[in-house]
There are 2 protein chains.
Amino acid sequence: MKTCSHQHTHKRQELPALTDRLRRHARKITGPRAAILEILRQHPHPLTTKEIFSEMPRGECDLATVYRSMHLLEKAGMVKRFHFYDGAARFELVEEGSDGHYHHLVCIRCSGVVKVEECFSAEIEKKIAAKNGFKAVTHKLEFFGVCPNCQG
Amino acid sequence: MKTCSHQHTHKRQELPALTDRLRRHARKITGPRAAILEILRQHPHPLTTKEIFSEMPRGECDLATVYRSMHLLEKAGMVKRFHFYDGAARFELVEEGSDGHYHHLVCIRCSGVVKVEECFSAEIEKKIAAKNGFKAVTHKLEFFGVCPNCQG
DNA sequence: TTTTCAATTGCAAATCATTTGCAACAAAAG
DNA sequence: CTTTTGTTGCAAATGATTTGCAATTGAAAA
């Protein structure tokens with residue numbers, strides 16, 4: 001019983017490599033989109049749409065555009081969407097070739113996030129799928145706790 | 001390495017037992033609260049606030065009251081909150097004595113939900129907590145896939 | 001490079017889920 | 001039965017996200 005073999009290597013791609021990836025999905029490379037990719041590139045953390053928006057050089061684009069772009073990037077498999085404690089979606093770049101499968105450990109006090117390499121055995125998922133007759137089963141797993149700084 | 005020992009036995013409690021549980025948390029048993037508990041009792045599925053509201057006998061109470069009640073029941077440990085594919089929170093009754101720790105397998109097509117007994121080794125969680133210096137670590141885990149009816 | 005056209009954006013208004021202030025009300029305690 | 005304090009209804013406020021539409025702009029074609 002071995003743990004699942006998701007990739008966790010993170011060689012951060014350059015912006016051109018990212019725009020190429022997007023272009024491959026038959027999409028235009030626009031100012032806002034390049035800016036968003038660059039921001040995600042520089043923040044290896046899950047960011048909310050608002051955070052991405054406020055990182056934009058001088059209000060470069062509309063909030064709605066960020067929302068639209070995030071959907072686009074998500075469908076292109078270039079970002080992964082997360083939901084933690086609050087109602088806001090958070091996004092993180094998925095490295096090329098990675099299936100984007102990894103998890104987080106979130107501090108319930110300060111909201112700090114740590115990427116988690118560990119994952120449980122893929123056997124469990126297969127067993128669950130088989131037992132219930134489901135196909136294409138995936139999972140979402142997030143850990144929550146109190147980080148060292150917020151203890152005491 | 002054994003799987004975690006969460007309880008999964010579900011002997012559905014009667015309404016009086018439920019109201020007693022709530023009373024123990026020093027809270028008044030009101031019409032809306034009893035109605036909500038009864039609805040949750042009769043639907044061993046995660047329900048959205050809206051669904052609970054529309055199950056109420058003739059609009060018995062305000063939507064805001066349902067929201068307030070769900071927070072109350074959550075703090076009392078009587079219901080568990082879930083977030084699946086969409087933005088709406090879903091609630092399910094937690095059996096007395098259960099730690100409310102179990103998971104779901106959700107169909108991404110029809111939204112059907114199956115309760116999942118399986119869980120991964122508790123060792124993994126301990127290891128993650130120790131490695132990062134976090135305390136009181138818990139996790140949220142949900143499975144997604146295509147159910148038998150929605151395949152093909 | 002310039003033309004052309006569909007994809008994309010900005011803006012404002014619309015939705016959706018959820019929360020909150022406040023006065024009227026109703027359980028539970030005495 | 002009265003008091004006390006938690007609860008509710010209602011309406012308005014939030015916060016996140018979506019959408020219609022006209023104006024704009026990448027990128028393919030000429």
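Residue numbers begin at 1 in each chain, while the letters A, B, ... track the order of the sequences.
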Using a cut-off of less than 4.0 Å, is there contact between a side-chain N or O of [X] and OP1 or OP2 of [N]?
X	N	answer
A:His71	D:dT17	no
B:Tyr67	C:dT18	yes
A:Thr49	D:dT17	yes

message: side-chain hydrogen bond (donor to acceptor under 3.5 Å, both in side chains) for A:Glu92 and A:Tyr102? Distances and angles first, verdict last.
response: CA-CA 11 Å; A:Glu92 212 174 49; A:Tyr102 48 79; 2.7 Å; yes
Could you tell me the separation between the [atom1] atom of [X] and the [atom2] atom of [N], rounded to a whole number of Å?
X	N	atom1	atom2	result
A:Glu51	D:dG15	CD	P	15 Å
A:Tyr85	D:dG15	OH	P	15 Å
B:Lys50	C:dT18	NZ	P	8 Å
A:Leu72	C:dT8	CG	P	7 Å
B:Leu47	C:dA17	CG	P	15 Å
B:Leu63	D:dA13	CG	P	18 Å
A:Asp86	D:dA16	CG	P	8 Å
A:Phe84	D:dA16	CZ	P	16 Å

Contact state string [nucleotides 19-30 of chain D, B base, S sugar-phosphate only, - no protein heavy atom under 4.0 Å]: BB-----BS---
Between [Y] and [X], is there a side-chain heavy-atom distance shorter than 4.5 Å?
X	Y	result
A:Pro46	A:Phe91	no
A:Leu22	A:Leu72	yes
A:Leu37	A:Met78	yes
A:Arg68	A:Arg33	no
A:Pro16	A:Asp20	no

- request: Evaluate the side-chain contact (heavy atoms from CB on, under 4.5 Å) criterion for residues A:Met70 and A:Ile36: first the C-alpha distance (whole Å), next the side-chain angles of each, then the deciding distance (0.1 Å), finally the verdict.
  value: CA-CA 9 Å; A:Met70 297 329 290; A:Ile36 291 170; 3.9 Å; yes
